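Just follow the structure's listing: the first ligand is 1, and inside any ligand the first atom is 1. Keep in mind the model is a prediction, meaning the values are calculated, not measured.
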Amino acid sequence: MSAAAPMTEPAIQTDSFDAIVIGAGMSGLYQLIKLRELGLRTRVLEAGTGVGGTWYWNRYPGCRFDSESYSYGYSFDQELLAEWDWTEHFAPQPETERYLNRVADKYDLRRDIQFSARVKAARWDEAGRMWTVELENGGLHRSRFLITAIGALSSPTMPSFPGMEEFRGPSFHTGLWPKEPVDFAGKRVAVIGTGASGVQTIQEVAKTAAQLTVFQRTPNWCAPLHNGTIPPEEMAEIRTRYDEIFQRCRETWACFLHTAHPQNTFDVPAEERRAFLEKLYAERGFGIWVGNYQDMLTDRAANEEVSRFIAGKIRERVKDPQVAERLIPKNHGFGTRRVPLETHYYEVYNQPNVTLVDSKATPIERITPTGIKTSEAEYEFDIIVYATGFDALRGAFDRIDFRGRDGVALKEKWRDGATSLVGMLVDEFPNMLMLVGPHNALGNIPRTIEFNVEWVADFLHYVTERGITRFEASPEAVGEWMAHVMEIAQGLLSMEVDSWMTGVNINVEGRQVRRVARYTGSAENYRAWANGIARRGYEGIGTS
Ligand code: N01
């Protein structure tokens, strides 16, 4: 059956393809484009009803980039770069979703995407050298190659408070937001969680809610986003600099426009240091985090210096000193967790309609039919928002029953931590490739995605040109890469802190132990390793 077959579901069917891609987000869409160029019959299986992945599911109020828009879009299509106008330096979710739909339209991608197709299991068939992919609705597909494009932060997690199902009002997880707008005007609203999603939600909901109560367990260090609109003449100027912008992203540590300052914190006189931090605080985007002094994330004293500076800013911005203290992290230094970027977030706590509850001191005990009961008080709410995050990096894999050679389950294999070769291959899982899998360079993620998608396309070109029908990473190559991944994370202050970046999520069984969950070296290093494998004839990947 051809890949151009009508996408009607849910009739049980067994279709055969050269490649199946799971997920129609940024990575899946680009992978489809590249696989078509290779002439591979490809089917993309997408759980949602539209394209966009992260930008399809995360429609919560205030959701937007915190990479500069023009550093975030695809770089591979000059025509698209010439046509597309970003309207804000950090585009809001609806604009990004529109952008990804434009890409899908332009390349007529939807004819190869099957929507409402959530993958339940994928089994490797050694005799046939094929993957069999089973959908939750019972549909079956087979393919020679399997590519996961399932995202790093795509498996939302809920807390397990007693009584959650009894709450009478609507409740939402930020990562599973409904398509219909939610009206907060005049409502009593609770937001649980103060990570990047919580912060963006809180500052938006505070504008209209009658009362907003924020349940904060661990404060995060937040810094100003400094968003602004992009007038047409500025967009025209940005457009002339796209080559320079993407070149810059290729050269920086994490593919952002910002990269570490080449000096150490205390090599600079105090006054100059203060001026530099003030400058970063006043600038757009992640500069304060990834463009700070180069030792800020490895040297404890350097980190304390920057933390003190940011704490001072919080104290200046929040009028009630007790509330300010509650908002200042005490158990981790600045930048050792992902820094949420904010717009008047701290000033929200000066509003009379906003209350901050310390849910470490007074934990949530249960959700009641009318609100939330903590160890100290009972609150009434019309709406509860769970901004409680994701089972990062691993969760999207665990939701699918991947079975490799001899029936080995990926979930079991990764029980004590994921293993991979450059985050893209796993031994015992032949013909499977992962985009943005564990131990990927993440950072400004579209840049990583483009690199990975092109690496996968080049590899599949190599494979198909030679009539190779089976490939598998060797355990030795995986071991060597993992040793590098572990070694490079040594000495990072972030490794001493619980967060999704160290694989911790108290809401998920088995995620209580800190691990090296992502590649913490530079993107350049990551690319050099992956390109080295390719240059040496895909060394460490057995083929037949
Ligand atoms: O999730 P999080 P997120 N009881 O894990 C709290 C990306 N992103 O969705 O810290 C009470 O950071 C939890 O508390 P604690 C970005 O990479 C990007 O906000 O565990 N509280 C924490 O406060 C980001 O880092 C953008 O003590 C509970 C919060 O919920 C990543 O996604 C925008 C709880 C979870 O924070 C994840 O961000 C948004 C419980 N049982 C997100 N369980 C962009 O701008 C959890 N919490 C592109």
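Among Trp500, Tyr386, Tyr72, the residue whose heavy atom sits closest to atom 24 (C) of ligand 1 is Trp500. With atom 30 (O) of ligand 1 as the reference point, the heavy atom nearest to it among Gly62, Ala387, Gly389, Pro329 is part of Ala387. Of the options Asp66, Asn58, Asn505, the smallest heavy-atom separation from atom 45 (O) of ligand 1 is shown by Asp66. One option in Ser499, Pro340, Gly195, Ala392 has a heavy atom closer to atom 12 (O) of ligand 1 than any other, and that option is Gly195.
Between Trp55 and ligand 1, a contact under 3.5 Å exists for no N or O pair. The shortest N or O to N or O distance between Arg217 and ligand 1 is below 3.5 Å. Geometrically, ligand 1 and Tyr60 share no nitrogen or oxygen pair separated by less than 3.5 Å. Taking only nitrogen or oxygen atoms, main chain and side chain alike, Asn220 does not reach within less than 3.5 Å of ligand 1. For ligand 1, the polar-atom distance check finds no N/O of Phe390 at less than 3.5 Å from any of the ligand's N/O atoms.
Proximity to Gly193 (heavy-atom distance under 4.0 Å) selects the following atoms of ligand 1: 6 (C), 23 (O), 29 (C), 30 (O). Atoms of ligand 1 lying under 4.0 Å from any heavy atom of Phe65, numbered from 1 in the order shown and given with element: 45 (O).
With respect to atom 26 (C) of ligand 1, the closest heavy atom belonging to the protein is Arg338 NH2, 3.6 Å. Annotation: atom 10 (O) of ligand 1 to nearest protein heavy atom, Arg337 NH2, 2.9 Å. Closest to atom 22 (C) of ligand 1, if we only count protein heavy atoms, is Thr194 N, 4.0 Å. Nearest protein heavy-atom contact of atom 27 (O) of ligand 1 is Thr218 OG1, 2.4 Å. Counting only heavy atoms of the protein, atom 19 (O) of ligand 1 lies nearest to Ser197 N, 2.9 Å.
Counting heavy atoms under 4.0 Å from ligand 1, residue Ser160 does not touch it at all. With a 4.0 Å heavy-atom cut-off, ligand 1 is reached by the side chain of Leu153 but not by its N, CA, C or O. The side chain of Phe161, and not its backbone, has at least one atom closer than 4.0 Å to an atom of ligand 1 (non-hydrogen atoms only; side chain from C-beta on). Of all the heavy atoms of Gln216, none lies under 4.0 Å from any atom of ligand 1, so neither backbone nor side chain is involved.
Between Arg337 and Trp221, every side-chain heavy-atom pair lies at or beyond the 4.5 Å cut-off. Using a 4.5 Å heavy-atom threshold, the side chains of Asn452 and Tyr526 count as touching.
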Per-pair distances, 0.1 Å, donor-acceptor, side chain in residues 23-31, under 3.5 Å, sequence neighbours excluded:
| residue | atom | partner | partner atom | Å |
| --- | --- | --- | --- | --- |
| Tyr30 | OH | Glu454 | OE2 | 2.4 |

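Close to ligand 1: Asn507, with a non-hydrogen atom less than 4.0 angstrom away. Heavy atoms of Phe90 stay at 4.0 angstrom or farther from ligand 1. Every heavy atom of Met501 sits 4.0 Å or more from the atoms of ligand 1. The shell of residues lying under 4.0 angstrom from ligand 1, judged by heavy atoms, excludes Lys360.
Gln200 and Glu204 form no side-chain donor-acceptor contact under 3.5 Å, judged by distance and modelled atom types alone. With no hydrogens or angles considered, no side-chain donor-acceptor pair links Asp391 and Thr157 at under 3.5 Å. Side chains of Asp77 and Tyr107: a donor on one and an acceptor on the other come within 3.5 Å. Checked by atom type, the side-chain pair Tyr379/Thr355 shows no donor-acceptor distance below 3.5 Å.
In terms of the salt bridge (charged side-chain N to carboxylate O under 4.0 Å, His left out) criterion, residue partners of Glu496 (sequence neighbours excluded) are, by chain and number, Arg300.
A donor-acceptor pair under 3.5 Å is formed between the side chain of Gln203 and the backbone N or O of Thr343.
Residue Arg188 forms a side-chain hydrogen bond (donor to acceptor under 3.5 Å, both in side chains) with just one option from Asp382, Thr213, Asn353, and that option is Asp382. Paired with Leu225 under the rule side-chain contact (heavy atoms from CB on, under 4.5 Å), one option of Glu342, Arg284, Arg64 passes, and it is Arg64.
Judged by the 6.0 Å and 45° rule, Arg239 forms no cation-pi pair with Tyr242.
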Can His173 and Tyr60 be said to form a side chain to side chain donor-acceptor pair (under 3.5 Å), step by step? CA-CA 8 Å; His173 188 288; Tyr60 61 84; over 6 Å; no
Could you go through the side chain to side chain donor-acceptor pair (under 3.5 Å) check for Glu88 and Asn227 one step at a time? CA-CA 7 Å; Glu88 296 181 42; Asn227 191 20; 2.7 Å; yes
